[in-house]
Amino acid sequence: MSFYVTTPIYYVNALPHLGHAYTTIAADVLARHMRQRDEDVFFLTGTDEHGEPVADVAEREGVAPRELADRNVVHFKEMVERVNASNDFFIRTSDPEHAVAVQRFMQALYDRGHIYPGTYEGWYCPRCADFKNEQEIVDGNRCPIHKIELNWEKEDNYFFRLSAFQEPLERLYAEQPDFVMPRARYNEAVGFIRQGLEDVSCTRARLRWGVKAPWDESQVFYVWFDALLNYVTALAYAREGEDLTERYWPADFHLIGKDILKFHGVIWPAMLMAAGVEVPRHLFVHGFLLMQGEKMSKSLGNVLDPFQVMDVFGTDALRYYCLREVSFGQDGSVSTEGFEARYNAELANEYGNLASRTLAMIARYRDGVVPAAEPSAELAGDLDGLADAVRKRFDRAELTAALEEIWSRGVRRLNRYVEEQAPWVLAKAGETERLDDVLYSLAEGLRVISVLLHAYMPETTTRLLDALGQDDLSLDGATFGARPGGASVGKLPPLFPKVEPAQAA
Ligand code: MSP
């Protein structure tokens, strides 16, 4: 089966921050997990390069928008690589192939009568590249997200007949209760649709940096129409000489932040319906990472630098922290203190220690060979069915819930098991058979949880599985007791070494 997951494409008007890394990490975890299930995965990320957000900053910096985009895209590509994302393609909306495909799609909407000329007037936020209605604006006429003053704009442009999709959208939401997840976001989207949909302007007359409307070249497409289409256009040219659209569309999951729900939950499905193209299966809407209670963003200057964190603690620790600390789908606070606390308590002490103790005991008591023995019945209670529970969570992109389950039924349970069984006492007392069972069960439990954790922490779990003499990452193999003993274990330097405060500062 095919599985297609996307991140939003990021604006190249500033440098990447943890908020961007967050969705990229989440999408990667989902993609890696599905590959472990032997799905035919396609994972797309990229950059949103047209429109006011980029043109305005370029103008302020006195460079051409393309130059700004070329300069900043490097940092986004670097971020994607540094977080160890296994994306299959990186789209830039300035790719000529994308522009041609946008023109073709929009021309088809125009030809089908979904687009007509009109005049727009309203409060406009250039950072959001969005008009705001009276209920949305705060403190007089400020953007609720960027807190900047909005501009009153009026111009002749073209409108997309969104109002015509009121009923089809209501039907879509009624028929597909999982179209938007979590439920609260579904309700929000439905509420928005029920307020009554107005047509939206889909071109800009004043702007030059964008894809030209083929039927009126004095206009470029409003950046959101151009951007949303990336999810479809990329499939046609990601592989040279091959069109992947049939194979992967409709997308299984668009992962998005809560600020861009309206575009993805309302405008995007309406555009697709207008073109007679299938809508995506699910949108999963995550919350904001907050620092000191505010959304982290470059413009607010309260940024936790993901690069610094990865330099000191490694990529896997950042990946783990992002999905563990903040329940995926909710807002939540992040902080350097919170990060260090989880790094020490959970990664170094719980998982890292479990790994090094297990390997050390196998080396010491059994000459480095996992004994052939029976899986412990006590552990089976928690470990049997864990992989299935994790699968179910992943089917709904519940990445934090899945991780919590692996941690409590797996990592913590195994640590308790070590304490309960006290293998060192068994060794002293010469209880050979019992010790064999315990060491085998620990190695096997560690293998199972490491396969399940692999999507979250690919580097660390690979090192650990290597040391356990195991290389099968398939979810099907993540069954407690499925592998016999007999493997030789290797040496393993600490998975999560203690970091000196000076290094962390
Ligand atoms: N270019 C548009 C998306 C177009 S998709 C067809 C855009 N770009 S963005 O760079 O401003 O934001 C990209 C994503 O990052 C959004 O999903 C947004 O919610 C997310 N985040 C930005 N800051 C964030 C946090 N502080 N926390 C979590 N995610 C946040 O919007």
Side-chain angles (χ1 to χ4, degrees), residues 5-27 44-57 69 72-73 75-76 79-80 83 91-94 98 102 105 125-130 143-146 185 210-211 221-234 251 253-269 271-272 280 283-306 321-323 325-335 399-400:
V5 57
T6 67
T7 72
I9 47 173
Y10 307 114
Y11 285 133
V12 284
N13 57 352
L15 296 179
H17 59 69
L18 189 61
H20 304 121
Y22 183 49
T23 329
T24 312
I25 290 170
L44 179 71
T45 189
T47 42
D48 188 354
E49 305 195 356
H50 289 135
E52 262 105 340
V54 176
D56 284 359
V57 173
N72 282 349
V73 72
H75 299 289
F76 280 90
M79 176 275 286
V80 167
V83 302
I91 188 172
R92 298 181 60 180
T93 53
S94 61
H98 170 75
V102 167
F105 186 100
C125 172
R127 293 256 182 83
C128 294
D130 190 16
C143 168
I145 295 165
H146 295 98
R185 297 294 167 205
V211 178
F221 289 116
Y222 171 40
V223 63
W224 272 99
F225 282 78
D226 162 0
L228 287 163
L229 280 165
N230 91 88
Y231 301 130
V232 174
T233 64
F253 276 100
H254 290 319
L255 301 191
I256 58 168
K258 65 178 188 179
D259 52 333
I260 54 178
L261 172 58
K262 193 172 71 181
F263 297 104
H264 285 80
V266 181
I267 297 180
W268 179 224
M271 285 167 71
L272 290 165
L283 311 178
F284 188 96
V285 186
H286 66 69
F288 285 154
L289 299 183
L290 310 170
M291 280 196 90
Q292 291 128 21
E294 286 271 350
K295 177 192 176 208
M296 201 177 357
S297 75
K298 202 73 191 170
S299 49
L300 296 176
N302 57 349
V303 174
L304 183 79
D305 184 353
Y321 177 70
C322 286
L323 292 169
E325 181 81 328
V326 178
S327 182
F328 195 55
Q330 313 290 321
D331 286 349
S333 291
V334 294
S335 64
L399 306 182
T400 305

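If you're wondering where the values come from, they're calculated on a predicted model, not measured in any experiment. Numbering of ligands and ligand atoms starts at 1, following listing order.
No donor-acceptor pair closer than 3.5 Å links the side chain of H264 to the backbone N or O of L255. Put simply, the side chain of D331 gets close to the backbone of F288: a donor and an acceptor are under 3.5 Å apart. Using modelled atom types, no side-chain atom of T93 and backbone atom of D48 make a donor-acceptor pair closer than 3.5 Å. A donor-acceptor pair under 3.5 Å is formed between the side chain of T400 and the backbone N or O of L323.
On a distance-only criterion, T23 and ligand 1 share no N/O pair closer than 3.5 Å. Of the polar atoms of H20, at least one N or O is found under 3.5 Å from an N or O of ligand 1, judged by distance alone. Considering backbone and side-chain N/O of Y11, one or more are found under 3.5 Å from N/O of ligand 1. In terms of polar-atom proximity, P8 is not counted as a contact of ligand 1, lacking any N or O under 3.5 Å from an N or O of the ligand. For the pair D48 and ligand 1, the shortest N or O to N or O distance falls below 3.5 Å. Looking at F288 next to ligand 1, no N or O pair under 3.5 Å apart turns up.
Qualifying side-chain contact (heavy atoms from CB on, under 4.5 Å) partners for P280, counting only residues two or more places apart in sequence or in other chains: F179, W249, A251, H254, W268, L272, L283. Taking the ring pair (Phe, Tyr, Trp, His ring centres under 6.0 Å) definition, one finds that Y11 meets it with nothing, sequence neighbours left out.
The closest side-chain heavy-atom distance from H17 to Y22 is not below 4.5 Å.
Put simply, CD1 on I9 and CZ on F76 are 11.0 Å apart, with the number rounded to the nearest 0.5 Å.
Ligand 1 lies within reach of Y231, whose nearest heavy atom is under 4.0 Å from it. For P53, the closest heavy-atom approach to ligand 1 does not fall below 4.0 Å. Ligand 1 does not have F263 within reach: every non-hydrogen atom of the residue lies 4.0 Å or more from it.
Per-residue contacts place G257 under 4.0 angstrom from the following atoms of ligand 1 (heavy atoms of the residue considered): 17 (O), 19 (O). Using a 4.0 Å cut-off to heavy atoms of H17, the atoms of ligand 1 that qualify are 22 (C), 23 (N). Residue G287 approaches ligand 1 through these ligand atoms, each under 4.0 Å from one of its heavy atoms: 28 (C). When each atom of ligand 1 is checked for a heavy atom of H286 under 4.0 Å away, the hits are 28 (C), 29 (N). Listed by atom number, the atoms of ligand 1 under 4.0 Å from A227 heavy atoms are 6 (C). Residue H264 approaches ligand 1 through these ligand atoms, each under 4.0 Å from one of its heavy atoms: 5 (S), 6 (C).
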V102/F221 under side-chain contact (heavy atoms from CB on, under 4.5 Å): CA gap, chis, key distance, verdict: CA-CA 9 Å; V102 167; F221 289 116; 3.8 Å; yes
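Of the candidates I256, L255, I9, T7, the one placing a heavy atom closest to atom 4 (C) of ligand 1 is I9.
F284 and F328 have their aromatic ring centers within a separation under 6.0 angstrom.
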